[in-house]
Each structure stands twice: as structure tokens, then as C-alpha cells.
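Heavy-atom basis, side chains included; hydrogens, waters and symmetry copies ignored.
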Amino acid sequence: MVSLPGLESTRNIGIIAHIDAGKTTVTERILYCSGRIHRTGEVHDGAATMDWMVQERERGITITAAATTCSWRDHRINIIDTPGHVDFTAEVERSLRVLDGGVVVFDAVAGVQPQSETVWRQADRYGVPRFAFVNKMDRRGASLERTVEMIRDRLNAVPAIVQLPLGAENELRAVVDLVEMNQRNFVEGKESVEIGEIEEAAAAPAAAVREKLIELVADFDHDIAEVYLEGETIRPADLRAAIRRATLANEIVPVLTGSALRNKGVEAIVDAIVDYLPSPLDVPPVEAEHAKTGEAVLCGPDSSEPLAALAFKIVSDPFSGRLTYLRIYSGTLSPGDQVYNSTQKGRERVGRLLRMHADKREQIKESVGAGDIIAAIGLRNTSTGDTLSDRGRPVLLEAISFPDPVMRVAVEPKGQGDQDKMTEALGRLGEEDPTFQVSADSETVQTIIAGMGELHLEVIVDRMRREFGLQANVGAPQVAYRGTIRREVEAEGKFVRQTGGRGQYGHVVLELEPAAPGAGNSIERKIVGGSIPIEFISAVETGIRSALTDGPHGYPMTDIAVRIVDGSSHQVDSSELAFQIAGTMAMKDGMAKARSVVLEPIMEMEVIAPEGYMGEVVGNLASKKADIRDAVVDKEQVQVSAFVPLAGLFGYAGELRSLTQGRGTFTLEFAHYAEVAVASMSSEFATT
């Protein structure tokens, strides 16, 4: 591998997009183009380097974010190829949390699709600069103009076209580089493009689009604006530098185009990663919190500073054991180092350090520093979202937030005596995936697994079978309902027991009120005058949280603001246990009085089908109590957008195939929780 310079020549980027837009193919071609691999594998053949899991190769989709490294123009590029399916959106979330830049891939035929909007919002939330690659320009119906318009309208972005395609659909033969004003010709059988002058018929249109590009960049860059207004010629290097500045400021989104499958336009993608996306030095220092004082601490990309690293992914590797993926924000890390886990408040010892290439690994024997993304072996107690730091400066980086599961199923091992083995397997899978949760049903004594959708849970069960040798019986999918309250109330819980010796005494008064939708639960201490001794308040909070896990209808409660306002204690009989029980009693009393309701997950859905099936599709969705938001006909296809209760969508893939003779597709994304109408209770809910 080439010996590379420092941080200014490092790029940490993610490839993100809707499912089937071509992310993994783009990554595969980048690795081939850069010499990292010597032959390309195709996703549809189950041979892609980055889709290394058996489940990925069988289904032809990316399930887990895979990391790799390549070099280009004396730059080191760390790449994370992310999933596009909504069930695995947590992989995108944690990848964007640690990346500096992104390449967003769009299907030139479909344009901006639902999951494209989701990943775009995720990138916005973390302020990740990005450029767009409009892929599949060689397919029938491909349109750069339409896709760019959708980026502008749907994503509220400012697209800046830096390449123009020459030739339509399967006649795509070249692109015009509007920065250099040359033509990149695609030659069949050749790995690299041939650069030449712009053909005569394309020269005038290209000059006009370049003029618009310069005007657009001038709106955001003073240097270019000054040269442009004075009528001077703008050099390619100056224009490129101005596009970079505007991209890093998230003011514009450069747009490239091509066809990754045919290796058309891939070199330009890697050039754009180097030219337009940030190095760790271009990203503002990360703000952390001092673990002891609570003061704000800035962790800049400086290897001379104390260590600050975020664990963003855990993987159970059958050969290397437990791998912890780390993004180092400041300081250095070496094999054998002792580090401090500020989140868990304990010491950890780093065994080996690895640089990952999908499921393959290269051992790192030297120190790694700020701006690096690596994997570590030996961190036994570190979980996703934990911060590793120097004990002399313990800091807490912002943790990663993940959505709650919306679907659950009951599982049990087929083999007698395999319950402990299944518990261990599910525990290890839960360590890897924060959106996968395991619980026990106290009434049925069943193990319940919860995830983001049918495919998510199907993959979990399949991994249990393949990786842990466990055959399992799986129940029918169930909706992960929630409960909340609709009224503000005061509640009281008093636990008094006298048994002849020392008794038990705890007395708590609470105030409950509904919180904003999506706000979650909160507990606030409003005790005046020490009516509850300070040492028992934590026990009261534990009791409150216990009650919130199992509401009046049997579902976890959410969006409730709780205030501990009063109570009383006994000098001899009060104990932590008594106040914990009193807290639970008060919470249950309050939920019973506060008009508790059941909430169900509502999914944002998009169905695409031939126009002739519009009536059947819309009618079927209406029967599922869907809120139809839009129905747009475009190029003989109808695109229906709706909010639909999850309870009616089990098995929808088969229904849609039947309705459209196999020609319809759909996507789902969790939108919000809404109150269940009494008339639409499922049998599961009605019998609870």
C-alpha cells in the first residue's frame, strides 16, 4: 500500500442511498478502480466484496455496514458501504455519526426514493457534506434533469451539475466535465476513460450549463463572484476549490452521473471524493462533555491531544472474537494500550488493532491517530455508543440514538436444553444491533425478540441457525404497541408492612402529564423540604421505570412526564425496597387515572406500480385504513404515498404481487405512533 501523508490526505466517507440504487456496486467499482481488488464481483451474482454475509449474498441486498480502505491520488479513503433497506437504517445512522462526508447514489430512473429522503435527513442531522452520483444512466427512462429537480424539490438541497452525460440510455458514451471543460469518453473493454476535447454538438450546451454552474457557485463564494463579475476567465482549479468550499459548508451538492455497473463515471467519483469531500481537518472539532465536571470539551483532530474515540459498531467475529469499530477523534491508540471507558466508568485493554476490508482484516502494529476508523479486539465491556478516553481527561462524546423496534415475534429453541444457548446467541446478536431487543413475556414465559420489520427479524433467526447452530420455532409477527396517557393527574403510592420486627414504609406522591409525541419518558425531582430522604429518591425512580415497562394494557408506556413532588418516610422502617415499591404503586395509580390509551406504529409507505393497477393498489391500501397522501402518475407508473398502520401490513409483499401480477414494489419506513381506534383493535390487542 502507498505510504500516505497525514490527515489532510484522509477521507472518511460513506456510500448511502435507497435500496437497489447501486451503492454496493459503486463501492465495488471504486475498490477495483483504485487497485484495492483485482476483479469485481456483482451484487446480483452474490459475489460482491462488500456484501460478505451469507444472508446478503442470498438476498442481493446490503444488511450490515461494511468498512474498507483504498488509496487514490496519494489519499487514503476509508469507505463504509451502508444498507439501503429501511429495516437496517440503524447501520446508516451509526455510520453517518462517525463519517466526515458522503456519496449519495440515486437511481436515474426512479430519482429520489423514500429511503433516499431518510438517509438525506440523517446526513443533515449530522451536518455531513455530500455529493450526488446519479447512477444507471444507461437504463431506459433515465433522466438526469428529472433527478436533479427531485433533489431540489424533495430534499430542499441546491444541486450543482458538474457533469453532463452524452448519449442516452444504452448509448451512454461519455460525460462532459464542466469544471475542466473536457470530455471523458467511455471505451468498451478499457478500465479508464479517454479524455479529449468536447465534441462539437455538445460544446454550446455544455458552455451554457457551465455558466449556470459558475453563477450558482458565485452565490456562495465571494472569490468566484468577484472574478465572474469582472468578466475574467475562471480557471478550473479556482472553480474546483470554490465548489469544495461550498460543499464543505453544506451550501451546494455537486452532481455527477454515470453507470457504475458498466464502470462508466467511477473514476470521476473517486476524484470528487478527493476534490470535494472533507478531510478530518476540515470538520469542526467534536464537542464532548467532561465525565466528571460536566464542562464542554472540544476534541480536535490532533494526535497530540488525549484520546477521545467513539465505539460505533460491535461485531461478533467467529475467528477474531468481539470486534469493536472505533472512530478516533483525538489522540492516538496503540495495541496493548489501557484506555478508560467513560460511559461504563471502567478500564479496558486494547488487544489488537485491525484495518477492515469487509470481512477481511489487516493487523495494525503501529499507533493509529485522530481521524482514523479502525477495529479493536479485546474491549470486553464496550458497547455501541460508548466513549473511550484518557483517564486524565475522561470525556463523553454524544451517543448515537436509535429508533425503537416496531415488530416482535416469540421464539423458542427446537432442541431440548438449548434455551441457555439461545439466550447467549440472542445476547450476542443484541450487542451488535441496537435496534434488536430481547425480552421475556412474564405471562407466557416466552422469549420475545423485537426489531424494525419482518426482514430484520427473519435475518436474526437465520443468523441464529447458521452462526450458532440453533433451530428455532418462530411465532407469527406482532405489532410492538405502546401506551401513553391523555390527562394530567396526581397519584399516590404508600407501601406499609409490619411483620413484628422492623417494618417497611415508603410513601410517594407523583404528578403525571402527557409529553410531546416522540419525547419519550422523563422523571423530574420536585421534592421540597426533604419529605423523601435523598438516598431513597433513586429507588423511587427505579420503581417508576419498572411500572412504565408494563402499562395498564400490557404494553410499555411512552411520552409521559413524571414529577416526584412529595411523600413521607419513617425513621426506622423506610428502605430502598419500600420506596421502590411505593414508586411503582404510585405510577400504576396515576396511569389508571390518566386515561391511558394504546398507540400503534404508523408506517410511511410508498407503492410503485404500473398505472393500470392504480385502482387496485389504492383500494387495497384504503382497506388497511391507510391515509393516502399522494398519487402521482409518471411515465406510465403510479407512485402512491400513504401512512398505514403496521398491523395491516404483514404479508403485504404477497398481496402486492397478486394485485399487480408481480410488477409492483413498495417501501416502508416508521413514521410515528398514533392512538389505536377502538373499532380497529386487533385480536391480539382486544384480548390483552
Side-chain angles (χ1 to χ4, degrees), residues 15 17 20-35 39-44 72-73 103-111 131-151 159-213 236 239-240 243 253-276 635:
I15 312 293
D20 286 338
K23 297 176 305 305
T24 301
T25 302
V26 167
T27 308
E28 196 82 5
R29 296 305 187 271
I30 289 174
L31 295 176
Y32 179 68
C33 181
S34 64
R39 62 180 295 275
T40 58
E42 305 302 345
V43 174
H44 52 267
W72 185 257
R73 287 170 39 190
V103 179
V104 188
V105 183
F106 295 97
D107 185 323
V109 179
F131 68 80
F133 177 66
V134 181
N135 193 24
K136 304 185 181 182
M137 281 299 297
D138 55 350
R139 288 182 56 197
R140 182 180 177 185
S143 171
L144 174 64
E145 294 76 13
R146 176 174 171 272
T147 304
V148 167
E149 198 62 35
M150 293 175 77
I151 292 173
I161 299 175
V162 296
Q163 287 182 346
L164 282 181
L166 295 182
E169 300 174 354
N170 59 359
E171 298 298 322
L172 179 68
R173 63 184 184 279
V175 294
V176 174
D177 185 332
L178 298 176
V179 176
E180 294 287 345
M181 282 306 281
N182 58 28
Q183 184 168 314
R184 292 173 170 245
N185 298 298
F186 307 132
V187 182
E188 291 295 331
K190 286 197 173 183
E191 297 173 6
S192 58
V193 297
E194 292 183 354
I195 298 176
E197 293 186 1
I198 301 172
E199 57 191 62
E200 187 176 345
V209 179
R210 187 177 198 264
E211 186 77 7
K212 290 181 180 178
L213 173 64
L239 180 56
R240 187 182 303 107
I243 293 173
V253 179
V255 179
L256 288 72
T257 188
S259 172
L261 184 63
R262 307 298 174 206
N263 210 23
K264 296 180 177 181
V266 178
E267 282 188 357
I269 297 176
V270 202
D271 282 334
I273 290 171
V274 171
D275 291 336
Y276 301 138
K635 294 185 178 179

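- Expressed to the nearest 0.5 Å, how far CG of Asn182 lies from CD1 of Ile198 amounts to 7.0 Å.
- The CD atom of Glu199 lies 4.5 Å from the CZ atom of Arg173; values are rounded to the nearest 0.5 Å.
- Here Asp271 contributes atom CG and Arg184 contributes atom CZ; the two are 5.0 Å apart, rounded to the nearest 0.5 Å.
- Here the CZ atom belonging to Phe186 is positioned 5.5 Å from the CG atom belonging to Leu172, to the nearest 0.5 angstrom.
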> Does the pair Val266 and Ile30 meet the rule for a side-chain contact (heavy atoms from CB on, under 4.5 Å), with working shown?
Replying inline: CA-CA 6 Å; Val266 178; Ile30 289 174; 4.1 Å; yes

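- Remark: Ile273 CD1 to Ile15 CD1 distance equals 5.5 Å, nearest 0.5 Å.
- Residues Val162 and Leu213 meet the side-chain proximity criterion, which asks for heavy atoms closer than 4.5 Å.
- Nearest heavy atoms, Trp72 versus Cys33: CZ3-O, 3.5 Å.
- Ion pair Lys136/Asp20 not flagged as a salt bridge, since none of the NZ, NE, NH1 or NH2 atoms sits closer than 4.0 Å to an Asp/Glu carboxylate oxygen.
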> What do the steps show when you test Phe106 against Asn135 for side-chain contact (heavy atoms from CB on, under 4.5 Å), and what is the final call?
Replying inline: CA-CA 6 Å; Phe106 295 97; Asn135 193 24; over 6 Å; no

>> Using the rule given for side-chain contact (heavy atoms from CB on, under 4.5 Å), can you reason through Val134 versus Gln163, listing the C-alpha separation, both sets of side-chain angles and the distance that settles it, and then say yes or no?
In response: CA-CA 10 Å; Val134 181; Gln163 287 182 346; over 6 Å; no

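- Not a single side chain to side chain contact (heavy atoms under 4.5 Å, CB included) links Ala207 to another residue, sequence neighbours left out.
- To the nearest 0.5 Å, atom CG of residue Asn185 and atom NZ of residue Lys264 are 11.0 Å apart.
- Considering every non-hydrogen atom in both Ala201 and Pro205, the closest pair reads O-CD, 3.6 Å.
- Residue Leu164 forms a side-chain contact (heavy atoms from CB on, under 4.5 Å) with just one option from Leu178, Thr257, Asp177, Val175, and that option is Leu178.
- Among all heavy-atom pairs drawn from Ile269 and Phe131, the shortest one is O-CZ, 3.6 Å.
- Judged by distance alone, the side chain of Arg146 and the main-chain N or O of Val109 form a donor-acceptor pair under 3.5 Å.
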> Would Glu171 and Leu166 satisfy side-chain contact (heavy atoms from CB on, under 4.5 Å), going step by step from the backbone distance to the final call?
Replying inline: CA-CA 8 Å; Glu171 298 298 322; Leu166 295 182; over 6 Å; no

